[in-house]
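What you see is a predicted model; the values in this text were computed from it and never measured. Order of listing sets the numbers, starting from 1, for every ligand and every atom in it.
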Amino acid sequence: MSGKILRMQPIFQEKLWGGNRLDTVFHYRIPSDHTGECWAISGHPGGDTPIVGMDKTLGQLWKEERRLFGNLPGDIFPLLIKIIDARDDLSIQVHPDDAYAAVHENGSLGKTECWYVLDCDPDATIIIGHNAASREEMAQMVEQNRWQELLREVPIHKGDFFQIDPGCLHAIKGGTLILETQQSSDVTYRFYDYGRLENGKPRQLHIAQSLDVTKAPFVPSTPSQETYAQGDAQVTHLVTCPYYSVYRVCLEGKAQWNWDKPFVNVSILSGEGALDGVPVKKGDHLVLTANYGEMTMEGAMELIYSHP
Ligand code: ZN
């Protein structure tokens with residue numbers, strides 16, 4: 001091997017809709033029982049993860065030692081990995097694509113994201129897409145407050161995976177714990193907030209932009225998933241899109257890898273084991289640096305990995 005294993009120190013964000021599962025499930029030390037987000041691997045200024053044992057954050061390392069990331073271009077570490085604990089419903093939102101964001105959001109990037117359901121209540125649902133046949137019909141339904149009819153709500157189960165392309169309306173609903181892999185961007189248009197108040201006032205909505213960027217009619221994105229054996233591991237390829245590829249690994253024993261990517265994000269979801277002898281356990285988040293090379297993975301664990 002020629003690469004390094006960087007261990008991240010997660011950052012926690014309190015949210016009105018957050019809960020305590022980041023403590024009860026992952027045993028993180030969280031700031032309160034309204035903790036909504038764990039920013040696990042991030043170079044984003046809104047929560048730039050420190051690297052354990054180095055006096056640097058991932059964002060600083062990206063700026064200063066780009067060769068560790070295969071000399072990829074860009075101002076910011078391009079992917080952001082979060083664990084989201086939604087005790088209550090999040091607002092309905094939509095993200096623009098890169099082209100729209102570049103023009104309307106000062107050259108920002110758009111956002112593509114995907115969700116892996118870590119756990120959820122038995123009757124949990126999410127919002128993904130809508131039921132309007134056209135943008136005109138969507139605008140009319142919004143005008144007439146026919147949200148229930150407009151929004152496409154689907155039941156979810158542990159282990160489900162959803163790809164959310166720009167222009168796809170979406171919301172995580174209460175009782176859901178997910179791992180999110182996304183482009184590192186913050187451009188979000190809030191479409192609907194169930195008429196809720198925050199500190200006595202409704203939160204700002206972006207109806208015009210949302211109608212502008214939402215694709216109609218909605219076409220579900222269903223990436224074809226393939227599972228294969230690699231040593232004692234079962235590997236499922238969850239998605240490949242222009243920004244990332246995401247895989248799930250269930251390991252019971254030993255498996256070999258040969259990494260040739262600019263970097264790889266690894267999140268341990270359950271169990272424990274070792275990566276080239278480095279002990280890892282549930283809740284650990286690691287970054288393998290450029291062209292890491294051969295690796296022996298051992299243990300009994302489930303993990304998600306992603307690369308650009
Ligand atoms: Zn989103």
Side-chain angles (χ1 to χ4, degrees), residues 11 13 15-18 36-42 44-47 76-101 104-105 108-118 120 124-130 138 147 150-154 156 160-194 196 198 203-216 218-223 238-239 241-244 246 265 267 304 306:
I11 294 173
Q13 315 266 8
K15 301 281 179 183
L16 279 181
W17 45 260
E37 301 189 352
C38 163
W39 289 34
I41 300 177
S42 165
H44 195 281
I76 190 166
F77 184 80
L79 298 180
L80 174 53
I81 313 297
K82 294 182 186 178
I83 300 175
I84 297 183
D85 173 20
R87 175 150 62 194
D88 297 319
D89 300 345
L90 276 72
S91 57
I92 315 293
Q93 50 178 255
V94 61
H95 307 294
D97 59 17
D98 288 345
Y100 187 94
H104 299 271
E105 302 291 342
S108 296
L109 290 176
K111 184 152 125 184
T112 299
E113 64 188 55
C114 62
W115 300 342
Y116 179 77
V117 179
L118 296 168
C120 60
T125 62
I126 58 163
I127 304 285
I128 183 158
H130 61 80
M138 184 165 51
W147 292 99
L150 174 64
L151 300 171
R152 181 173 171 273
E153 186 165 359
V154 298
I156 55 167
D160 284 351
F161 178 79
F162 299 92
Q163 168 75 359
I164 298 168
D165 291 321
C168 173
L169 288 184
H170 59 280
I172 300 171
K173 301 207 74 185
T176 308
L177 187 68
I178 69 164
L179 182 114
E180 180 176 71
T181 302
Q182 57 162 255
Q183 269 180 288
S184 189
S185 156
D186 250 356
V187 184
T188 296
Y189 299 137
R190 189 180 289 127
F191 198 27
Y192 180 57
D193 201 21
Y194 309 95
R196 293 184 295 199
E198 183 176 277
R203 292 194 288 180
Q204 197 195 351
L205 297 177
H206 315 93
I207 303 261
Q209 293 98 321
S210 298
L211 286 171
D212 240 9
V213 304
T214 300
K215 295 204 171 96
F218 167 70
V219 180
S221 165
T222 43
L238 296 171
V239 72
C241 72
Y243 303 100
Y244 49 71
V246 183
N265 303 312
S267 295
I304 292 268
S306 58

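The Zn ion (ligand 1) is the vertex of the angle joining OE1 of Gln93 and NE2 of His95, which measures 90° to the nearest 10°.
Here NE2 of His95 is found 7.0 Å from CD of Gln182. Values are rounded to the nearest 0.5 Å. Summarising the geometry, atom CG belonging to Asp193 is positioned 10.5 Å from atom CH2 belonging to Trp147; distances are rounded to the nearest 0.5 Å. For the atom pair Leu90 CG and Tyr194 OH, the distance stands at 8.0 Å (nearest 0.5 Å).
The Zn ion (ligand 1) is closest to atom NE2 of His170 (considering only N, O or S atoms). Glu113 contributes OE1 as its N, O or S atom closest to the Zn ion (ligand 1).
Among the backbone and side-chain atoms of Glu180, no N/O/S atom is found under 2.8 Å from the Zn ion (ligand 1). Among the atoms of Thr188, no N, O or S atom is found under 2.8 Å from the Zn ion (ligand 1).
Panel note: side chain Gln183, backbone Thr112; a donor-acceptor pair is recorded below 3.5 Å.
Between Trp115 and His170, the ring-plane angle classifies as perpendicular under the 30° and 60° cut-offs.
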